[in-house]
Amino acid sequence: MDSCVIPLRHGGLSLVQTTDFFYPLVEDPYMMGRIACANVLSDLYAMGITECDNMLMLLSVSQKMNEKDRERVMPLMIGGFRDAAEEGGTSVTGGQTVINPWIIVGGVASVVCQPNEFIMPDGAVPGDVLVLTKPLGTRVAVNAHQWLDQPEKWNKIKLVVTKEEVREAYQEAMFSMATLNRTAAGLMHKFQAHAATDVTGFGLLGHANNLAAQQRNEVAFIIHNLPIIAKMSAISKACGNLFNLLQGTSAETSGGLLVCLPREQAAKFCSEMKSLSCGAGGQGSSGAWIIGIVEKGDRRARIIDKPRIIEVPPRGSPAAHQDNSATSPDANTSLS
């Protein structure tokens with residue numbers, strides 16, 4: 001499970017709690033703080049929990065940084081973490097800071113819930129539809145951006161992507177990772193979600209397998225569609241087996257929710273996600289995509305041999321203003 005659920009002694013309440021931390025992966029320390037906070041909260045959101053009572057921040061300051069850099073970078077990282085927590089309706093009340101060879105950033109999120117406030121991730125049934133709420137490809141985008149200054153690596157991908165496309169994809173990945181999954185968590189209740197998890201370090205297939213293994217019913221998850229930040233699938237192919245993005249094992253950071261929904265609710269969930277993100281001035285997630293189905297099976301997940309690649313244009317680009325066909329009836333019928 002993404003979070004621990006601990007029944008309390010009083011009043012039929014449960015403590016739901018999670019922790020996570022990792023190393024910086026983007027250049028902007030403020031955005032890195034936001035991404036770290038979004039990543040921690042995502043474990044609560046994966047259980048349909050929209051509120052958080054308290055957050056702690058975990059921060060490791062690198063002993064290799066000089067004092068000037070430390071005094072510039074660390075307050076920005078802390079500020080980003082705090083701002084994302086406030087966006088999630090909570091606050092950071094403490095934590096721990098240590099000196100270490102590396103920068104590490106993360107936190108702890110806690111909430112006391114009634115049973116109707118969370119959705120246990122074990123109720124998928126045959127006939128459900130799988131929905132993903134953020135595009136894949138963040139690891140590829142971050143790495144490709146680093147390669148702009150490394151000619152020997154840039155030469156591997158320069159035939160399939162331009163430098164401007166890499167910069168746009170990097171910005172999209174950064175904003176996507178920093179976006180809270182709170183909206184999706186609320187819609188899980190509205191549209192009767194049966195189970196969910198967030199997609200992070202194990203990649204789409206790794207987390208789909210973890211979720212499938214937890215189901216009470218004998219089900220299998222079959223993934224047909226892969227929504228991917230534009231051009232990242234081409235980069236992945238050009239790099240051979242380096243990322244395995246199309247195989248579903250490329251690591252994601254602060255990815256979207258993978259949600260099991262009743263078939264009749266999935267398209268409405270996607271439509272509402274899309275309209276809410278547009279209403280947020282383009283700063284929210286770019287919507288949601290129907291990516292597969294739940295069948296009777298052996299509690300495993302698989303991606304079909306030739307999945308449909310949905311190229312997700314970076315926000316702000318001309319293509320981003322066009323309706324994404326992934327949430328149209330065509331995407332629904334392709335899974336029937």
Side-chain angles (χ1 to χ4, degrees), residues 1-22 33-60 78 81-98 104-125 128 133 179-202 207-217 219 254-262 269 299:
M1 285 174 50
D2 293 300
S3 304
C4 64
V5 180
I6 305 167
L8 301 178
R9 294 188 299 273
H10 311 292
L13 300 172
S14 293
L15 170 67
V16 183
Q17 195 169 56
T18 184
T19 184
D20 208 342
F21 58 86
F22 48 76
R34 290 193 71 103
I35 291 167
C37 184
N39 193 62
V40 175
L41 286 169
S42 197
D43 287 338
L44 298 183
Y45 298 146
M47 297 190 67
I49 294 169
T50 59
E51 306 301 325
C52 175
D53 290 333
N54 183 58
M55 292 198 77
L56 305 176
M57 185 175 186
L58 306 174
L59 186 62
S60 161
I78 292 168
F81 193 97
R82 182 183 295 120
D83 286 353
E86 289 181 3
E87 186 181 318
T90 187
S91 58
V92 182
T93 61
Q96 176 75 320
T97 303
V98 297
I104 300 174
V105 58
V108 180
S110 307
V111 61
V112 175
C113 290
Q114 294 180 341
N116 65 342
E117 293 181 81
F118 57 86
I119 298 170
M120 294 297 285
D122 60 0
V125 297
D128 278 354
T133 68
T179 298
L180 301 182
N181 282 317
R182 193 181 187 190
T183 299
L187 293 180
M188 282 171 59
H189 291 274
K190 181 174 180 178
F191 295 107
Q192 292 94 51
H194 291 151
T197 188
D198 62 331
V199 177
T200 51
F202 296 123
H207 288 283
N209 264 316
N210 287 345
L211 187 62
Q214 291 183 26
Q215 300 311 305
R216 296 192 307 267
N217 298 308
V219 294
S254 189
L257 300 188
L258 175 65
V259 188
C260 300
L261 288 155
F269 178 99
R299 296 189 179 90

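Just so it is clear, the values below take in all heavy atoms, side chains as well, and ignore hydrogens, waters and symmetry mates.
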Measure from the side-chain N and O atoms of [X] to the backbone N and O of [Y], and report whether any donor-acceptor pair falls under 3.5 Å.
{"X": "Gln192", "Y": "Lys190", "result": "yes"}
{"X": "Thr133", "Y": "Gly256", "result": "no"}
{"X": "Gln215", "Y": "Pro121", "result": "yes"}
{"X": "Asn181", "Y": "Ala38", "result": "no"}
{"X": "His207", "Y": "Thr200", "result": "yes"}

More than 12 heavy atoms of other groups within 6.0 Å of Arg82 CZ: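 No, because the 6.0 Å sphere around CZ of Arg82 holds 12 heavy atoms or fewer from other groups.
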Test side-chain contact (heavy atoms from CB on, under 4.5 Å) applied to Leu41 and Arg182, step by step: CA-CA 8 Å; Leu41 286 169; Arg182 193 181 187 190; over 6 Å; no
For a quick test of reading the model, state the closest non-hydrogen atom pair linking [X] to [Y] and the distance between them.
{"X": "Cys37", "Y": "Ala85", "answer": "SG-N, 3.5 Å"}
{"X": "Pro262", "Y": "His194", "answer": "CG-CE1, 3.8 Å"}
{"X": "Ala84", "Y": "Leu180", "answer": "O-CD1, 3.8 Å"}
{"X": "Phe269", "Y": "Met188", "answer": "CE1-N, 3.9 Å"}
{"X": "Ala36", "Y": "Val105", "answer": "CB-CG2, 3.7 Å"}
{"X": "Ala212", "Y": "Arg299", "answer": "O-CB, 3.3 Å"}

Look up atom [atom1] in [X] and atom [atom2] in [Y], then write down how far apart they are to the nearest 0.5 Å.
{"X": "Tyr45", "Y": "Thr183", "atom1": "OH", "atom2": "OG1", "answer": "9.0 Å"}
{"X": "Asp198", "Y": "Leu258", "atom1": "CG", "atom2": "CG", "answer": "9.5 Å"}
{"X": "Leu58", "Y": "Phe21", "atom1": "CG", "atom2": "CZ", "answer": "7.5 Å"}
{"X": "Asn209", "Y": "Gln214", "atom1": "CG", "atom2": "CD", "answer": "11.5 Å"}
{"X": "Thr18", "Y": "Met47", "atom1": "OG1", "atom2": "CE", "answer": "10.0 Å"}
{"X": "Arg34", "Y": "Glu87", "atom1": "CZ", "atom2": "CD", "answer": "4.5 Å"}

side-chain contact (heavy atoms from CB on, under 4.5 Å) evaluation trace for Thr93 with Leu56: CA-CA 6 Å; Thr93 61; Leu56 305 176; 3.9 Å; yes
Heavy-atom check, side chain of Cys260 versus side chain of Val219, under 4.5 Å: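 The answer is no; the side chains never approach within 4.5 Å.
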Under 3.5 Å, which donor-acceptor pairs link side chains of residues 106-114 to any protein atom two or more places apart or in another chain?
| unit_1 | atom_1 | unit_2 | atom_2 | d |
| --- | --- | --- | --- | --- |
| Ser110 | OG | Gln17 | NE2 | 2.7 |

Taking only distance into account, with no hydrogens and no angle test, what donor-acceptor pairs under 3.5 Å do side-chain atoms of residues 1-14 form with protein atoms, sequence neighbours excluded?
| unit_1 | atom_1 | unit_2 | atom_2 | d |
| --- | --- | --- | --- | --- |
| Asp2 | OD1 | Thr197 | OG1 | 3.2 |
| Asp2 | OD2 | Thr197 | OG1 | 3.0 |
| Ser3 | OG | Asp43 | O | 3.0 |

With Asp122 via salt bridge (Lys or Arg N to Asp or Glu O under 4.0 Å) - residues at least two apart: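 With neighbours one apart ignored, the set is Arg216.
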